[in-house]
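Heads up, the thing below is written out as structure tokens.
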Amino acid sequence: MMSKTSDALSRRRFLGYAGTMAGVAAFAASCKKNDDPMPDYGVDLGSGDIGILNYAFALEQLEAAFYMQVAMTPFSGITPAENALLTDIRDHEIAHREFFKTALGANAITTLEFNFSAINFSSRDSVLATAKAFEDLGVSAYNGAGKLIANPDYLTLAGKIVSVEARHAAYIRDLISNGSFADNSVIDANGLDTSRMPAEVLSAASAYIRTKINGSRLPQ
């Protein structure tokens, strides 16, 4: 009799303890969830044409920052002609960046931070390889975004900018290998240039952009 009573009390104590611990665990989990800081979704590019313009603005910020660094720390052995033309490209990219910033006004995203730690700015090969990657990516980005732009005026402006980016790409390719201004790595059998959608472009560029960017609301 004594043993049965003791066993029953033990079971009640155990169940009560287990219930208490489950409640504490649930409460702790609830507190942890509520105390979590606001999730960092990154800088929101926005939606519609504003989103696409901010997308282009982000890429122009990246290119401008890169060529500004190239101009400030010319690579070893740079020729006067190379220095002059790379400076021209820097000026074009700054002009593109400022154009989008002005056009977007209050809708413009913030100034982004970049990570160029993987680039050896004293090495011609490193600088030109990065420039080629950025220019090819930029051309493909404008080509891919064209169909997402609703306002024909914006589409006309994008066409004017992508042609400049393509000239840059051709020049950089010639610097790396004379005569290779446009090969089959970017031009298909129909003579058409590569195009990429924003998600692919942002993923490729993210290695160089320290600021997290959120392009989830861009047109698809």
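Nothing fancy with the numbering, it's 1 onward along the sequence.
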Exercise. Hey, does the side chain of Ser206 reach the backbone of Ser203 with a donor-acceptor pair shorter than 3.5 angstrom?
Worked result: yes
For this session: Starting from the C-alpha separation in whole Å, work towards a yes-or-no answer on side chain to side chain contact (heavy atoms under 4.5 Å, CB included) for Ile172 and Leu86.
Result: CA-CA 9 Å; Ile172 296 297; Leu86 288 170; 3.8 Å; yes
Exercise. Can a donor-acceptor pair be found between the side chains of Thr73 and Gln69 at a distance below 3.5 Å?
Worked result: yes
For this session: Find out whether His96 and Glu165 are in side-chain contact, i.e. whether some heavy atom of one side chain is under 4.5 Å from a heavy atom of the other.
Result: yes
Exercise. Going by the angle between their ring planes, with limits at 30° and 60°, are His92 and His168 parallel, tilted or perpendicular?
Worked result: parallel
Exercise. Does the side chain of Ser123 come under 3.5 Å of the side chain of Asp125 through a donor N or O and an acceptor N or O?
Worked result: no
Problem set entry | Within-4.5 Å side-chain heavy-atom neighbours: Leu157 and Phe99 | yes
Exercise. Is a side-chain N or O of Asp136 found less than 3.5 angstrom from the main chain of Val186, in a donor-acceptor match?
Worked result: no
For this session: Can you measure from CD1 (Ile119) to OG1 (Thr130) and round to the nearest 0.5 angstrom?
Result: 4.0 Å
Seminar exercise, completed: Of all heavy-atom pairs linking Leu45 and Gly215, the shortest is CD1-CA, 4.0 Å
Exercise. So do Met68 and Glu93 actually touch side chain to side chain, heavy atoms under 4.5 Å?
Worked result: no
Problem set entry | Under 3.5 Å donor-acceptor, Asn115 side chain and Tyr208 backbone | no
Problem set entry | Heavy-atom donor-acceptor pair, Gln220 side chain to Leu218 backbone, under 3.5 Å | yes
For this session: Give the ring-plane orientation class for Phe66 versus Phe134, where under 30° counts as parallel, over 60° as perpendicular and anything between as tilted.
Result: perpendicular
Exercise. Do Val70 and Phe114 belong together in a cluster built from hydrophobic side chains that touch within less than 4.5 Å?
Worked result: yes
For this session: Kindly give the heavy-atom pair with the smallest separation between Leu155 and Gly146, and that separation in Å.
Result: CD1-O, 3.5 Å
Problem set entry | N/O donor-acceptor pair under 3.5 Å between Thr87 side chain and Asn83 backbone | yes
Exercise. When you look at CZ of Arg167, are more than 12 heavy atoms from neighbouring residues, nucleotides or ligands closer to it than 6.0 Å?
Worked result: no
Problem set entry | Over all atoms of both residues, closest heavy-atom pair of Ser122 and Asn120 | OG-OD1, 2.6 Å
Exercise. Crowded around Glu113 CD? As in, over 12 foreign heavy atoms under 6.0 Å?
Worked result: no
Exercise. Distance-only, no hydrogens or angles: does the Asn107 side chain make a donor-acceptor pair with backbone N or O of Ile50 under 3.5 Å?
Worked result: no
Seminar exercise, completed: Closest non-hydrogen atoms of Asp49 and Leu148, given as atom of the first, atom of the second and distance, are OD1-O, 4.0 Å
Exercise. Side chain to side chain contact (heavy atoms under 4.5 Å, CB included) between Val164 and Lys160: does it pass, once the steps are laid out?
Worked result: CA-CA 7 Å; Val164 177; Lys160 291 182 176 180; over 6 Å; no
Seminar exercise, completed: Rounded to the nearest 0.5 Å, the CG atom of Leu137 sits from the NZ atom of Lys132 at a distance of 11.5 Å
Problem set entry | Non-hydrogen side-chain atoms of Glu60 and Ile161 separated by less than 4.5 Å | yes
Problem set entry | Non-hydrogen side-chain atoms of Asp91 and Tyr67 separated by less than 4.5 Å | no
For this session: Please answer whether the main-chain N or O of Gly191 pairs with a side-chain N or O of Asp188 as donor and acceptor at a distance below 3.5 Å.
Result: yes
Exercise. Which heavy atom in Ala81 sits nearest to a heavy atom in Tyr171, and how many Å separate them?
Worked result: O-OH, 4.0 Å
Problem set entry | Arg124 bridged to Glu82 by N-O distance under 4.0 Å | yes
Exercise. If you count the non-hydrogen atoms of other residues, nucleotides and ligands that lie under 6.0 Å from CZ in Phe116, is the total more than 12?
Worked result: yes
Problem set entry | Arg173/Ser185 under side chain to side chain donor-acceptor pair (under 3.5 Å): CA gap, chis, key distance, verdict | CA-CA 11 Å; Arg173 284 168 167 272; Ser185 65; 3.2 Å; yes
Problem set entry | Donor-acceptor contact below 3.5 Å, side chain Asp174 vs main chain Asn178 | no
Exercise. What are the two closest non-hydrogen atoms of Asp44 and Gly46, and how far apart are they?
Worked result: OD1-N, 3.0 Å
Exercise. Is there a donor-acceptor contact under 3.5 Å from the side chain of Asn54 to the main chain of Ile109?
Worked result: yes
Seminar exercise, completed: Value for OG (Ser117) from CZ (Arg210), rounded to nearest 0.5 Å, stands at 7.0 Å
Exercise. Any donor-acceptor pair under 3.5 Å linking the side chain of Asn143 with the backbone of Thr194?
Worked result: yes
